[in-house]
Asker: 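Sharing a structure here in structure tokens format.
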Amino acid sequence: MPELPEVETTRRGISPWLTGRTITGVTVRRQALRWPLPDLATLLPGRTVQQISRRAKYLLLACDAAGTLLIHLGMSGSLRILPIDTPPQTHDHLDIRFGSHCLRLRDPRRFGAVLWTDTPPDQHPLLRHLGPEPLSPAFHTNYLYASTRQRRTAIKTVLMDGKVVVGVGNIYATEALYAAGIHPNRAAYRIARVRLDRLVAAIRQILSAAIDQGGTTLRDFQQEDGKPGYFRHQLQVYGRTGEPCYRCQTRLRMQRIGQRSSAYCPHCQH
DNA sequence: AAATTCTCCTGAAGGC
DNA sequence: TGCCTTCAGGAGAATT
């Protein structure tokens, strides 16, 4: 399920193929994902992709001065670069063609989104209230400390709240809390500053390492060339419920926190 | 304001 | 083997 490292991996993969290229055509096989698609056949052909950036889990394709295409991969989306004559498979919803190749969006569960904005993307309603990027200087210990003092809910829920910090989903929240020795269900406001310092560092370190590994592939995620991400092999707790903790050998447990399954070590995390 | 619940969807896994 | 049920999960929307 694409979280920040998977989206960033995708961005880095497709960027060299698309930047500076002119879109020659579009094939829309399904007119709505999470929301109806914009009229891409009118908006895109003839536009040149200036750059591809990322905000939270959104990919932003800047198209000339005309506007920006926003793509969200939901939980099962992937983007690939393929020759335009590659037969589409089930759930291949959209091709954006540029010469002999196309950017193909596949999303079995259709939780993803494709949107268009002709104003600066940071002002888009879905982006304007987002918290800081976890790998930016704006995400620091004092910020997280201030953001958690009034929050009595589980720290894991807070980490996955995009208004606090973006890009951290179930996998990396689970891993970061283990690395920092914090119980995922601990009330956020009851975590001391020094422990939040460790948590900030863990989030940064884990996200960076995951990007270096091309993200985590559990089932659906693939890079632009079809290869999986390799961070799955570095996961310490996610998906390991019932197996021994790598540090202390205690059996890892699982709890539902905010509708999400959360693995943790009852000995190492408090 | 913060917290909780509901919702979208498909494929995999488990039960019988 | 096959049919049915359950579940996972990003995150906006609705509700309390």
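Here is the naming used below: chain letters follow the sequence lines, and residue numbers restart at 1 for every chain. Below, all heavy atoms of this structure are taken into account, side chains as well, without hydrogens, waters or symmetry copies.
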Asker: Please report, rounded to the nearest Å, how far the C1' atom of C/dA8 is from the CD1 atom of A/Ile257.
Answerer: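 A/Ile257 atom CD1 is separated from C/dA8 atom C1' by 16 Å.
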Asker: Please, which pairs that meet ring pair (Phe, Tyr, Trp, His ring centres under 6.0 Å) have at least one residue in residues 45-103 of chain A, sequence neighbours excluded?
Answerer: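 Pairs touching residues 45-103 of chain A that pass the test: A/Trp17-A/His101, A/Tyr58-A/His72.
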Asker: Kindly check if the number of other-residue, nucleotide or ligand heavy atoms within 6.0 Å of NE2 (A/His267) is above 12?
Answerer: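 Atom NE2 in A/His267 is not packed in, count stays at 12 or less.
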Asker: Base, sugar-phosphate or nothing for A/Arg30? Non-hydrogen atoms, less than 4.0 Å.
Answerer: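 Here A/Arg30 touches no strand at all.
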Asker: Can you check the A/His129 NE2 to B/dA1 C1' distance for me, whole Å?
Answerer: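 Checked: the NE2 to C1' distance equals 14 Å.
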Asker: Can you tell me how far C1' of C/dA8 sits from CE of A/Met254, to the nearest Å?
Answerer: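 Rounding to the nearest Å, CE of A/Met254 and C1' of C/dA8 are 10 Å apart.
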Asker: Between A/Ser262 and A/Thr174, is any side-chain donor less than 3.5 angstrom from a side-chain acceptor?
Answerer: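 Judged by distance alone, the side chains do not pair up.
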Asker: Is it true that A/Glu6 and A/Lys57 make a salt bridge, defined as a side-chain N closer than 4.0 Å to a carboxylate O?
Answerer: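 A/Lys57 and A/Glu6: not salt-bridged.
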Asker: Base, backbone or nothing for each nucleotide of nucleotides 10-15 of chain C, written B, S, -, heavy atoms under 4.0 angstrom, 5' to 3'?
Answerer: BBB---
Asker: On the ring face of A/Tyr189, is A/Arg149 found with NZ or CZ under 6.0 Å from the centre and within 45° of the axis?
Answerer: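 No.
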Asker: Does A/Thr157 reach a base, just sugar-phosphate, or nothing at all? Heavy atoms under 4.0 Å.
Answerer: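 If one applies the 4.0 Å heavy-atom cut-off, A/Thr157 turns out to touch nothing in the nucleic acid.
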Asker: Any side-chain N or O of A/Arg151 below 4.0 angstrom from OP1/OP2 of B/dA3?
Answerer: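 Yes, such a contact exists.
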Asker: Tell me whether the count of non-hydrogen atoms from other residues, nucleotides or ligands lying under 6.0 Å of CZ in A/Arg29 goes above 12.
Answerer: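 Enclosed.
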Asker: Check whether any side-chain nitrogen or oxygen of A/Thr153 sits under 4.0 Å from OP1 or OP2 of B/dT4, and answer yes or no.
Answerer: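 So the side-chain polar atoms of A/Thr153 do come within 4.0 Å of the phosphate oxygens OP1 or OP2 of B/dT4, strictly under.
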Asker: Would a single hydrophobic cluster contain both A/Trp116 and A/Ile52, if residues Ile, Leu, Val, Met, Phe, Trp and Tyr are joined by side-chain heavy-atom contacts under 4.5 Å?
Answerer: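 As far as the 4.5 Å side-chain criterion goes, A/Trp116 and A/Ile52 are connected within one cluster.
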Asker: Kindly check if the number of other-residue, nucleotide or ligand heavy atoms within 6.0 Å of CD (A/Gln150) is above 12?
Answerer: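 Check fails, neighbour count at 12 or below.
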Asker: Provide, to the nearest angstrom, the distance between the NZ atom belonging to A/Lys163 and the P atom belonging to B/dA1.
Answerer: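 Going from NZ in A/Lys163 over to P in B/dA1 covers 11 Å.
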Asker: Could you pull out all residues at least two apart from A/Tyr264 that satisfy ring pair (Phe, Tyr, Trp, His ring centres under 6.0 Å)?
Answerer: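 Applying ring pair (Phe, Tyr, Trp, His ring centres under 6.0 Å) to A/Tyr264 gives A/His183.
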Asker: Indicate whether OP1 or OP2 belonging to C/dA8 is found under 4.0 Å from a side-chain N or O atom of A/Tyr238.
Answerer: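 For C/dA8, OP1/OP2 do not have a side-chain N/O of A/Tyr238 under 4.0 Å.
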Asker: Would you say the side-chain atoms of A/Arg97 and A/Thr27 include a donor-acceptor pair closer than 3.5 Å?
Answerer: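 Distance-only check passes for A/Arg97 and A/Thr27.
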Asker: Is there a side-chain contact between A/Ser76 and the phosphate of C/dG9, meaning an N or O under 4.0 Å from OP1 or OP2?
Answerer: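 False: A/Ser76 side-chain N/O out of range (4.0 Å or more) of C/dG9 OP1/OP2.
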Asker: For nucleotides 2-6 of chain C, give me every protein contact, N/O to N/O, under 3.5 Å, one pair per line with atom names.
Answerer:
none

Asker: Would one find more than 12 heavy atoms of other residues, nucleotides or ligands at under 6.0 Å from atom CZ of A/Arg190?
Answerer: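 Atom CZ in A/Arg190 is not crowded, with 12 or fewer foreign heavy atoms closer than 6.0 Å.
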Asker: Considering residues at least two apart in sequence or located in another chain, which fulfil the side chain to side chain donor-acceptor pair (under 3.5 Å) criterion with A/Ser15?
Answerer: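 Testing A/Ser15 for side chain to side chain donor-acceptor pair (under 3.5 Å), a comparison that skips the adjacent residues, returns A/Thr19.
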Asker: Quick check on the helix from B/dA2-C/dT16 to B/dC16-C/dG2: what's the angle between its two end axes, five base pairs per end, to the nearest 10°?
Answerer: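 Nearest ten degrees gives 50° for this helix.
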Asker: Here's a test of your reading of the structure: between A/His91 and A/Val158, which maps to the more 5' nucleotide of DNA chain B?
Answerer: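 The 5'-side residue here is A/Val158.
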Asker: What is the distance from OH of A/Tyr189 to C1' of B/dA3, rounded to the nearest Å?
Answerer: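 Whole-Å distance recorded here is 14 Å.
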